[in-house]
There are 2 protein chains.
Amino acid sequence: MIPAGFRMTPQRMAILAEVQNAERHLTAAEIYERVRRKYPTIAYGTVYRTLHLLAKHGLIQEFPFGDNASRFDRRTDRHDHVHCVVCGELVDVEVPTALLARQVAAEKTGFEILDHQTVFAGICPSCQEKRDRTVQEARAGRR
Amino acid sequence: MIPAGFRMTPQRMAILAEVQNAERHLTAAEIYERVRRKYPTIAYGTVYRTLHLLAKHGLIQEFPFGDNASRFDRRTDRHDHVHCVVCGELVDVEVPTALLARQVAAEKTGFEILDHQTVFAGICPSCQEKRDRTVQEARAGRR
DNA sequence: GTCTATGCAAAACGTTTGCAGATAT
DNA sequence: ATATCTGCAAACGTTTTGCATAGAC
């Protein structure tokens, strides 16, 4: 699981478990809070060191996410994300244009392309509903 | 240029000029340093407030760039970036798969997609050369 | 027993903010 | 004249780090 010379401590197992059992992409702070329920003395430093270790060895993936904090993902394969600009939710998505896009980017820039990642910004279904309800209420009120 | 009620101060003009005349995408710290040559007492707060004001009104564009600091771009249209994982250089690139990708993302997630941004990670031409030279030297040395 | 990992605390980093005084309009 | 903007300094949230101790192997 982790290369020889590394120790599988209870803290590391707990951190890995939290990422793998998470219902969504967690920040380091969220992981820290969840692990703290079982290990009340765990330190932020341990959480960060462990997350980076796990990511480096391909057990999890880190997404350094613009505005705010990095998110950690149990998925380790390449994939893209959709980000709700209203509530902040971050959802995985597969988009099939990968190969063509990379080839174009390589040709246009001379770079050797190793990886890529697309972030779509938008409004999630639940926030669309809320917005639509608000618009309807506003119309009703105006009458 | 900037809506009524806002003031065009020398500091704001200098900050806008630095972004527009930059040879590449600058961080807030780099902009601060450059503006400081002309306005030695300028404050970080002023730089950030101005950059956000300019971005909000569409005079520049901010890219909250994962790992490190936000970069500010004189281009205000949608475009993608190629990032050199060796030297950190960040270069603009156009990729034509936009419409299809957005449609797929919308269908798969139910999101209303407003925007998207792809970051390609790779090795820039100059770092490729350096690497190739190093490999050749290593081979020569081994003989 | 050895060497790595942990907890703690301090600091680093990019960024934001409250406030009194300065300045564009 | 007045509302906005500036500079300063303090504070913020995230992440990293040095160090002595604890604990996995």
Side-chain angles (χ1 to χ4, degrees), chain A residues 1-19 25-57 59-73 83 88 90, chain B residues 1-19 25-57 59-73 83 88 90:
Chain A
M1 191 179 229
I2 282 189
F6 291 89
R7 294 177 183 167
M8 186 40 74
T9 63
Q11 291 92 332
R12 288 183 174 177
M13 284 191 274
I15 290 165
L16 178 56
E18 287 300 346
V19 176
H25 301 65
L26 303 177
T27 63
E30 289 167 333
I31 294 163
Y32 169 74
E33 284 305 333
R34 292 185 184 198
V35 173
R36 217 150 67 99
R37 292 178 199 154
K38 206 168 175 187
Y39 297 93
T41 62
I42 197 156
Y44 255 106
T46 303
V47 172
Y48 276 104
R49 280 186 281 233
T50 300
L51 289 169
H52 291 152
L53 181 75
L54 296 172
K56 190 175 171 187
H57 293 292
L59 285 120
I60 64 172
Q61 195 170 181
E62 174 171 1
F63 292 101
F65 200 64
D67 271 28
N68 22 11
S70 271
R71 311 301 176 97
F72 296 86
D73 193 340
H83 178 226
L90 195 63
Chain B
M1 190 180 229
I2 282 190
F6 290 88
R7 294 177 184 168
M8 188 38 76
T9 63
Q11 291 93 329
R12 288 182 174 178
M13 284 192 275
I15 291 165
L16 179 55
E18 288 300 347
V19 176
H25 301 67
L26 302 178
T27 63
E30 289 168 333
I31 294 163
Y32 169 75
E33 284 305 334
R34 293 185 184 197
V35 172
R36 217 150 68 100
R37 292 178 199 154
K38 206 168 176 189
Y39 296 93
T41 62
I42 197 155
Y44 255 106
T46 303
V47 172
Y48 276 104
R49 279 187 282 234
T50 300
L51 289 169
H52 292 153
L53 181 75
L54 296 172
K56 189 174 169 184
H57 293 292
L59 285 119
I60 64 173
Q61 194 169 182
E62 173 172 1
F63 291 102
F65 199 65
D67 270 29
N68 22 12
S70 272
R71 312 302 176 95
F72 296 87
D73 194 339
H83 177 226
L90 195 63

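So that the names make sense, note that chain A is the first sequence line, chain B the second, and so on, each numbered from 1.
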Nearest-Å distance for atom pair NE2/P, residues A/H57 and C/dA5: 9 Å
Whole-Å gap separating C1' (C/dT4) and CE (A/M8): 13 Å
Point-to-point distance, once rounded to the nearest 0.5 Å, from CD of B/E18 to CZ of B/R36: 13.0 Å
Considering only heavy side-chain atoms of B/H52, the closest of C/dT16, C/dG7, D/dC5 is C/dT16
note: A/I15, atom CD1; C/dA5, atom P; distance rounded to Å ~ 12 Å
Rounded distance (Å) that lies between atom C1' of C/dT15 and atom CD of B/E30: 16 Å
Under 4.0 angstrom between A/T41 side-chain N/O and C/dG7 OP1 or OP2: yes
Over how many whole Å does the gap from B/R49 atom CZ to D/dA9 atom P extend? 14 Å
Identify which nucleotide among C/dC3, C/dT25, D/dT15 has an atom closest to any side-chain atom of A/R7, counting heavy atoms from C-beta outward. C/dC3
OH/A/Y48 to CD1/A/I31 distance, rounded to the nearest 0.5 angstrom? 9.0 Å
Counting the atoms with a prime plus P, OP1 and OP2 as sugar-phosphate, which does A/A28 contact under 4.0 Å by heavy atoms, base, sugar-phosphate, or nothing? sugar-phosphate
Distance check: side-chain N/O of B/T9 vs OP1/OP2 of D/dT6, anything under 4.0 Å? yes
note: A/Q11, atom CD; C/dC8, atom P; distance rounded to Å ~ 11 Å
Could you check if a side-chain atom of B/I15 sits within less than 4.5 angstrom of a side-chain atom of B/L51, using non-hydrogen atoms only? yes
Side-chain N or O of B/Y48 closer than 4.0 Å to phosphate OP1/OP2 of C/dT15: yes
Side-chain atoms of A/Y44 come closest, of C/dT16, D/dT15, C/dA24, to D/dT15
When the nearest nucleotide of DNA chain C is assigned to B/P10 and to B/F72 on a heavy-atom basis, which residue is associated with the more 5' position? B/F72
Of the options C/dC8, D/dA24, D/dT15, whose atoms approach the side-chain atoms of A/S70 most closely? D/dT15
Rounded to whole Å, how long is the line connecting atom CE of A/M13 with atom C1' of D/dG23? 13 Å
To the nearest angstrom, how far is B/Y32 atom OH from C/dT16 atom C1'? 15 Å
Distance in Å, B/F63 CZ paired with B/L90 CG, rounded so as to fall on 0.5 Å steps: 8.5 Å
Test A/S70 against every option in A/H52, A/E62, A/H25 by the side chain to side chain donor-acceptor pair (under 3.5 Å) rule and name the one that passes. A/E62
